[in-house]
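So the structure is just underneath, and the comments pick up after that.
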Amino acid sequence: MNLHLENGTEWNRQLVRMFWRLIAAYEIFAALGHVIMLLLKNDAWLDSLTRYQLIPTAALLGVMGAGHLALRLAPRNHDDIVPAWAAAIVTALLVSLPGLHNSYELLCLPLMLSSLYYRRRILLSCTLLSLVLTALLLLLNAISGVPVTGREAAVAFAALLATSLIGGIVTGRGRALFESLKEAHEREQSLLVRNILNGQLSRMDGLTRLLNQRSFQEHADYIVDGVPAGLTFQLALLDIDNFKSINDTYGHRAGDQVLIAMGRAIKSVLCPDDIVFRYGGEEFAVMLQGKTEAEAKADCLAILEAVRSLVIPDMPGRQITTSIGLAAYEPGLSREEWFQRADDRLYAAKREGKDRLEVWTRPN
């Protein structure tokens with residue numbers, strides 16, 4: 001989570017839209033006031049129109065145009081431009097509207113806005129800008145003959161500094177809240193990742209990186225519980241021939257190399273829709289999806305050839321072979337019955353001399 005999540009482009013767009021809405025509201029109410037003056041036949045309506053609408057409108061439109069130009073020229077500095085833009089709008093109103101010349105405390109509004117960015121740098125720069133603008137307004141009023149007292153000046157600067165201090169408290173609290181939310185979000189993400197990894201690890205064989213027996217049972221149950229009509233599945237069970245003698249002769253490290261190589265050999269001849277599992281020990285299972293018996297037999301024969309071609313570093317000159325039992329799924333079979341058919345054919349292949357494929361067929 002970004003600490004400055006609320007200070008993004010969308011937040012600045014909302015503020016700019018608010019600026020335009022406030023100006024539109026002022027124009028509407030000012031126009032209504034002049035209409036009422038006309039209806040009451042007040043002879044001062046034309047002077048009022050000039051002083052309270054035309055001049056302020058020109059000043060506000062100039063400031064709005066300058067603000068949009070600044071955003072276009074410095075698109076990466078929106079967070080700095082928008083609070084300063086708000087201060088410029090307030091200053092334009094103070095200068096152009098009669099009766100507001102001494103309302104210096106209105107410059108506290110941009111300070112309050114800048115505190116909502118929860119960044120001390122923006123609050124500090126807006127505070128300095130507001131103090132400078134207040135000093136310039138005091139000087140302009142003094143030059144223009146508008147009465148300025150020391151008390152007014154002191155109150156204006158005190159109000160700005162007090163607002164800045166309050167804004168600093170808001171900024172600090174906001175940053176602390178965001179940090180807390182960030183830490184909570186990171187903990188939640190970490191927990192989610194761990195749960196996902198644990199879920200994956202619980203379904204994966206650590207040695208071969210193939211799916212394990214639990215995953216096989218889940219896939220088989222899914223097929224048995226609701227296989228779509230017309231979709232065929234073939235189950236091949238494979239068992240490495242003479243694996244015990246491999247471990248006894250060459251050691252378990254060589255046995256692990258055989259298991260890893262076996263998994264790679266099986267996957268090398270299958271398509272992406274086929275799923276390979278390490279069922280347990282030296283036994284593997286393959287679910288072949290959407291294939292006829294002839295296509296499944298061709299895949300199994302290709303697996304036999306790929307396994308015969310394996311070269312194991314710790315077993316120079318020793319050929320690896322496997323036996324395979326193949327059985328098609330038939331609607332109505334349970335997972336256990338389907339597995340048993342393939343398993344029977346696997347052990348038939350073992351009895352018939354190993355390194356071969358046996359296919360389950362319905363008894364006559």
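The analysis underlying the following values was restricted to heavy atoms, covering all of them including side chains, and did not include hydrogens, waters or symmetry mates.
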Answer yes or no: does atom [atom1] of [X] have more than 12 heavy-atom neighbours from other residues, nucleotides or ligands under 6.0 Å?
X	atom1	value
Arg173	CZ	no
Arg17	CZ	yes
Met112	CE	no
Asp43	CG	no

Start with the C-alpha gap between Ile246 and Ile320, add the side-chain angles, then the distance that decides, and say whether side-chain contact (heavy atoms from CB on, under 4.5 Å) holds. CA-CA 9 Å; Ile246 292 174; Ile320 306 300; 3.9 Å; yes
Aromatic ring proximity, centroids under 6.0 angstrom, His78 and Trp85: no
Look only at the side chain of [X] and the backbone of [Y], and say whether a donor-acceptor pair between them is shorter than 3.5 Å.
X	Y	value
Ser164	Leu160	no
Glu295	Thr292	yes
Ser48	Trp45	no
Thr232	Lys291	yes
Ser180	Ala176	no

Do [X] and [Y] land in one hydrophobic cluster if side-chain heavy atoms of ILVMFWY residues count as linked below 4.5 Å?
X	Y	answer
Leu106	Met64	yes
Ile240	Leu237	no
Leu111	Leu137	yes
Leu207	Val307	yes
Leu60	Trp20	yes

Is the ring pair Trp338/Phe233 parallel, tilted or perpendicular, if the boundaries are 30 and 60 degrees? perpendicular
Return the minimal non-hydrogen interatomic distance between [X] and [Y], and the atom names on each side.
X	Y	result
Glu282	Leu259	CA-CD2, 3.9 Å
His34	Tyr52	NE2-CB, 4.2 Å
Ser103	Leu94	O-CD2, 3.3 Å
Gly263	Leu210	CA-CD1, 3.9 Å
Gly255	Asn247	CA-OD1, 3.4 Å
Ser96	Pro98	O-CD, 3.4 Å

Taking the side chain as C-beta and beyond, is there a heavy-atom pair between [X] and [Y] under 4.5 Å?
X	Y	result
Leu288	Leu270	yes
Arg362	Trp360	yes
Tyr118	Val170	yes
Leu161	Leu131	yes
Leu54	Leu49	yes
Phe284	Ile303	no
Leu304	Thr321	no
Leu22	Tyr26	no

May I have the step-by-step check of side-chain contact (heavy atoms from CB on, under 4.5 Å) for Phe19 and Val63, ending in yes or no? CA-CA 11 Å; Phe19 295 162; Val63 170; over 6 Å; no
Would you compute the distance between atom [atom1] of [X] and atom [atom2] of [Y] and round it to the nearest 0.5 angstrom?
X	Y	atom1	atom2	result
Ile23	Leu61	CD1	CG	7.0 Å
Thr249	Asn242	OG1	CG	9.5 Å
Phe277	Asn212	CZ	CG	9.0 Å
Asp299	Ile266	CG	CD1	12.0 Å
Phe216	Met287	CZ	CE	4.0 Å
Leu310	Arg318	CG	CZ	13.0 Å

Start with the C-alpha gap between Tyr117 and Asp80, add the side-chain angles, then the distance that decides, and say whether side-chain hydrogen bond (donor to acceptor under 3.5 Å, both in side chains) holds. CA-CA 10 Å; Tyr117 283 77; Asp80 297 296; over 6 Å; no
Exactly one candidate in Asp205, Asp256, Asp239 meets salt bridge (charged side-chain N to carboxylate O under 4.0 Å, His left out) with Arg278; the answer is Asp205
Single hit among [options] for side-chain contact (heavy atoms from CB on, under 4.5 Å) with [X]:
X	options	result
Tyr104	Val155, Asn141, Val90	Asn141
Ile275	Gln289, Lys267, His219	His219
Met262	Thr208, Thr322, Ile312	Thr322

Go through Gln217 and Asp221 one step at a time and tell me if the side-chain hydrogen bond (donor to acceptor under 3.5 Å, both in side chains) criterion holds. CA-CA 6 Å; Gln217 292 171 347; Asp221 285 339; over 6 Å; no
For Leu346 and Leu238, what are the C-alpha separation, side-chain angles and deciding distance, and is it a side-chain contact (heavy atoms from CB on, under 4.5 Å)? CA-CA 7 Å; Leu346 170 61; Leu238 302 83; 5.8 Å; no
Pair Arg175-Glu179, salt bridge (charged side-chain N to carboxylate O under 4.0 Å, His left out): steps then yes or no: CA-CA 6 Å; Arg175 288 176 63 88; Glu179 286 293 344; 5.3 Å; no
As a quick check of understanding, evaluate salt bridge (charged side-chain N to carboxylate O under 4.0 Å, His left out) for Lys350 and Asp241, giving each step before the final call. CA-CA 8 Å; Lys350 293 284 190 182; Asp241 297 329; 2.8 Å; yes
Does the pair Leu138 and Phe157 meet the rule for a side-chain contact (heavy atoms from CB on, under 4.5 Å), with working shown? CA-CA 11 Å; Leu138 288 167; Phe157 287 118; 3.7 Å; yes
Going through the distances and angles, do Arg341 and Glu330 end up as a salt bridge (charged side-chain N to carboxylate O under 4.0 Å, His left out)? CA-CA 11 Å; Arg341 288 183 177 185; Glu330 294 179 0; 3.3 Å; yes
